[in-house]
Structure formats: C-alpha cells, structure tokens
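Scroll down for the structure; my scribbles are underneath it.
Below, read A as the first sequence line, B as the second, and so on, with proteins coming before strands; counting in each chain starts at 1. It should be emphasised that the depicted structure is a prediction, and the values quoted were computed from it without experimental measurement.
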Amino acid sequence: MIKVSGLSKDYGRRPVVDHLDFTAPSGRITGFLGANGAGKSTTLHMIVGLIRPSSGTAHIDGMAYHELLVPPRAVGVLLDQPSVHPRMTAGQHLNVLAVRSGVPRHRVREVLETVGLADAGNKPVSRFSFGMHRRLGLACALLGDPGTLILDEPANGLDPQGIVWLRDLLAKLAEQGRTVLLSSHLLGEVQALAHRVVVLDRGRLVAEDDVPALLDRASARRPVRVASPAIQDLAGELRRLGATVAVTDGRHAVVNGLTAAQIGDAAAVAGIAVHELYAERPDLEAVFMTLTEGAEAPAGRTPPSSVGSL
Amino acid sequence: MTEQRTASEPTSGHARRLVASEALKLSYTTTAWRALAVMGALLLVIASLVASSRASAAVHVGSGRGDAVDSVTSGLFLAQLPAGVLGVLTVAGEFSTGALRSSLLATPRRTHLLAAKTFVILVVVLVAAEAAAFAAFAVGGYELRNTVGEAGVGSIGVVRCVACSGLYLAAMALLGLAIGGICRSRTAGVIGLLIAVSVLPTFVNFLPPKADAQVTRYLPTELGMDMVRLGSDHGDFGPLPGALLLGCWIFLTMTAAAARLKSADV
C-alpha cells in the first residue's frame, strides 16, 4: 500500500503539489489522473525520493522509500524520463541493476522476454525507439519482482497491442496482491486499466474513488432522456419530485435532477407507460473535465483547454 | 510477491553489491577504458621522450637515476587530465544522461552511492596508474641505461617517487569526481577540472610575488609535485604533508559534492 500524507512541493512560491493525501491500496490498480503540469510526475518522483518534498510524507508498506535497503526488490519504478546511460545496452543496464539488487542474472533474460526486448538486449540504448525505451523501463521495474509498482505514463509510447499486453500484465500483478499506481493523462486507458482513480488538478486532489462509484456519482448529475405516450403527465409527475423537465416534442423530454431509476419508479407509481429511458453514462473523460473545469487557470500555466487534445 | 526481506539483510551484503554494481557499470563504460588507456599512453610516451633527450644530453654518469624519475613525473601534467576527466564523468555523466535517476532509485541513500563510486574510481585508477607509472619508469630507465649503472629501482626514494606518481593520478581522479558532483554536468565539470589543474596555477602568477609563492604551494598540482619530487626543493612541504594537504582538498570538495547530491532534485 502506498500512503501519501500532506505531500507538497513548491518551487519558489508557486506550489506544484499542494497538501496531497491519497492511498493506493494493495491488490488494486490505482490510476493517477491529471492534465499536463498537474503535478503527477512531481508527486511520483517525491514518493520514490528523487524529488525532496517541501512538506509531507509518502510511505510504501509503512516505509519511506529511502528506508528500503534494496528498493528494486520492493518497489518497481518506471519513470517518464530517460534514465539509462545511452552508451549501455539494455542487457548491461539490467545486469548492473541485477547485481545491485542481488537478483539472479537469469532474471535479466526473463524480463527482457516479458517486455518483448529479447532480441534487442545487445543494442545500445541510444538506438532504441521511444516505445523500446518504455519497455526497457518496464523491464527494470519488474526485475526485482517487487510488491509495489509505480509507473509514470506506462502506456505512453506503446502500440495498441502493447497496451493490451500491459493491461493484462497489470491486471495479473494486481490479482497477485501487488500495489499498482500508474499515472496517465489518457483517460480512456485509465478507465480500462484502473480500479480506482486519484484525480489531481493543479497540484490539488479533486477526487479519489473507485471508478464505478465515481461514474455513478457523475451520472446522477447528467440529463436523462425519456419517451412516453403521455409525456405531459409524466413531466408533471417528475416536476413534482423536483426535477427540471424540458419537453422537446409530443413524446420526448429531457430530465435533469433525477436518475433514470428514479424516473422509471415515478412512472410506475403514476401508472404511466415509458417507451424509452436513456441515461447518458459519462465516461471518465467527461467526469475528469467536470472535476477540473471551473477553477481558473493561473497565468503562465497550461490552460484547461489543452485537456481537449489528450 | 517479494516480502520485505531486503530490509533486514546485513549491511555488508548491501555495500558489497553496491560496489560490485558500480564496478560493473564502470567496466561497461567505453569512455572509462579510453581515459585509462590515454592516461597510461601519455605516461609511457612522455617518459620515453624525456628519457631519450636526457640520455643524449647526459654529461656525467650517475645523473640517470634522477632522470628516470623525472621522465615519469614529467608525464603527470598531461596524464592527470584523462584521470580527472574519468572522475568527472563518473558522477557528472549520470547527471547529464539521466542515468542518475536509475542509480538513485536502486540506492536512495545518496551518500552511499557517492562513496561507492569514489571507492571504485580510487581502486581502478590507482591500479592502472601504478602499473603505468612503474612501466614508464622501466621505459625511462631502459632509455637511460648507458648514462647510469643502476637505473632500476635503486632506492626507497625512487620507489616512493614512482608510487606517489600513481597515487597522485588517483587523487586527481577523485578531485575530478568531486568537481563533477559539484558541477552536475559533464561540460561544466571538465571546465572546472581544467580550471583547478591548469588555469589556477597560471592565474596565481599574476598575484604579487610574495602572495604568489604562498598561494601556489597549496594548489593541488604543486602538492602533487611535493609528493613525487626526488630530494627536496626550497619551500616545499615534502611528500607526506603534501599528500595529506592534497587529501584535504579532496575531502573538502567531496563534502561539497555530497551536500549538492543530497539536496538535488533529479
């Protein structure tokens, strides 16, 4: 389990991460969501001790990262930036890591095969494509068979097959009881990959919940389309329950303020037939946009409109 | 799933694995091999050139022993550059390429990492430099064989001079490592090294004569000369105090490098 408490980082006066609290429980995949510049990478770097927090703590299974004597055997980390000497080959880099961690050398071969780099192990890393770099990073994270995985944008640079492979791999690892924390700005991916999400907006926590619960809460606020042969009667019923109803034609209406279930129940009680009942179920992207919109973008920061290009 | 057995392992295994991994990393670094090869080649070539010119200019029998030592120490001024650059690259190279992130993920206790790198560089450069220094002395002695009867390893003083030449090169590698840690980039580190070993000794010449002499004798390059000089020169510290003062330089710069490394966000 990863536990982050009151974690902050400010460069000068500007907070990049602002008193962040969240947990990533074991046996589950926690998605860490936020727009570019929201502070995701900074937070992950602070958890693994590469960036010194201004205040607050981060613990992995009750220990600060620097308290782990051989971290690669407890925590696998994939960073968003290059972290391999370009002149070395993938195999050499993993060999060094294996010697450092006291992991048997045959694991190097194994993880290279796991990530699909078995044939590229003797190539200098400088000749790697972006996707190969990401796969090598994953190999490094998996080498020590760690109980916790912290992955910064793991799907970045992977082809569609690679993403499917990653999804299966992470699901298997979480099933084994491991903790997985992954960041992404690709919201659809997180929806498919993660059980839980932690949403970050300009350094602040805006949501932390299971994916279905978050979607349910969001869908309660979304309009429901309803079709009925007695639409005016139904509209009256629903208005009595406090809903805003816009009747669009003789048979259709758009209802705000009630869930589809509540509308169906109300119709049944009133004995009115319902022909169509359609609750637009939001995807995570829409939820994310709702959560992060509204707040004013400080000058000099990426405006929220850039989220649309994700 | 791995349990947290790693945390309770004895510290000796931790240190051994850390040093072994740093040594393995260095052995994979082609630049390191090149730097060591250039250092050795400079010592040998300069020893050979100096000795052969001394041999032809020798006026009396018996001067050859000192000349053989001179032929080794003459090469130090150039050979210290690849040694120092190797030191700079060991730490600054990791800052520049981002490889430091991997190293710190595996070894989050940053002073441990710096200590392991220092130890590996000290051992590797010391072994290579001692081998090169004694080989250069042999080359020099061979060239001077006609000017002196016993050009070989004749006295304790001669052995000390040659051994200290190797020690000095290892010290310069450590100084380079510390400068690299302070500068955090390859380019800045190499420039810093050049300032310390070449620019500074020239620059102090512009000081008033009295101050010049007082400052010059504390420069790392001058302290190195104190270590390798056969016999004594007016105003020098002598081999042991020279070596100790050079050690102080390394200690101070290394402390600064450790402080910089500890506070760095990478």
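Highest contact tally toward chain B, considering only A/Arg100, A/His93, A/Lys9, A/His66, is held by A/Arg100 [criterion: heavy-atom pairs under 4.5 Å]. In terms of non-hydrogen atom pairs under 4.5 Å with chain A, the most contact-rich of B/Leu104, B/Thr107, B/Thr30, B/Leu100 is B/Thr107. Options A/Leu79, A/Thr148, A/Val75 differ in how many heavy-atom pairs under 4.5 Å they form with chain B, and the most are formed by A/Leu79. Of the listed residues (B/Arg110, B/Glu94, B/Arg109), the one with the most heavy-atom contacts under 4.5 Å to chain A is B/Arg110.
A/Lys40 contributes a side-chain N or O that, together with a main-chain N or O of A/Gly34, makes up a donor-acceptor pair within less than 3.5 Å. A distance-only check finds no donor-acceptor pair linking the side chain of B/Glu22 to the backbone of B/Val19 [under 3.5 Å].
In this structure, CG on A/Leu117 lies 9.5 Å from NZ on A/Lys123, to the nearest 0.5 angstrom.
Side-chain contact between B/Met39 and B/Leu86 is absent, with no heavy atoms from C-beta onward closer than 4.5 Å.
Note on A/Arg178 versus A/Asp145: salt bridge recorded, some NZ/NE/NH1/NH2 to OD/OE distance being below 4.0 Å.
Neither the backbone nor the side chain of B/Ala23 comes within contact range of chain A, judged by heavy atoms closer than 4.5 Å.
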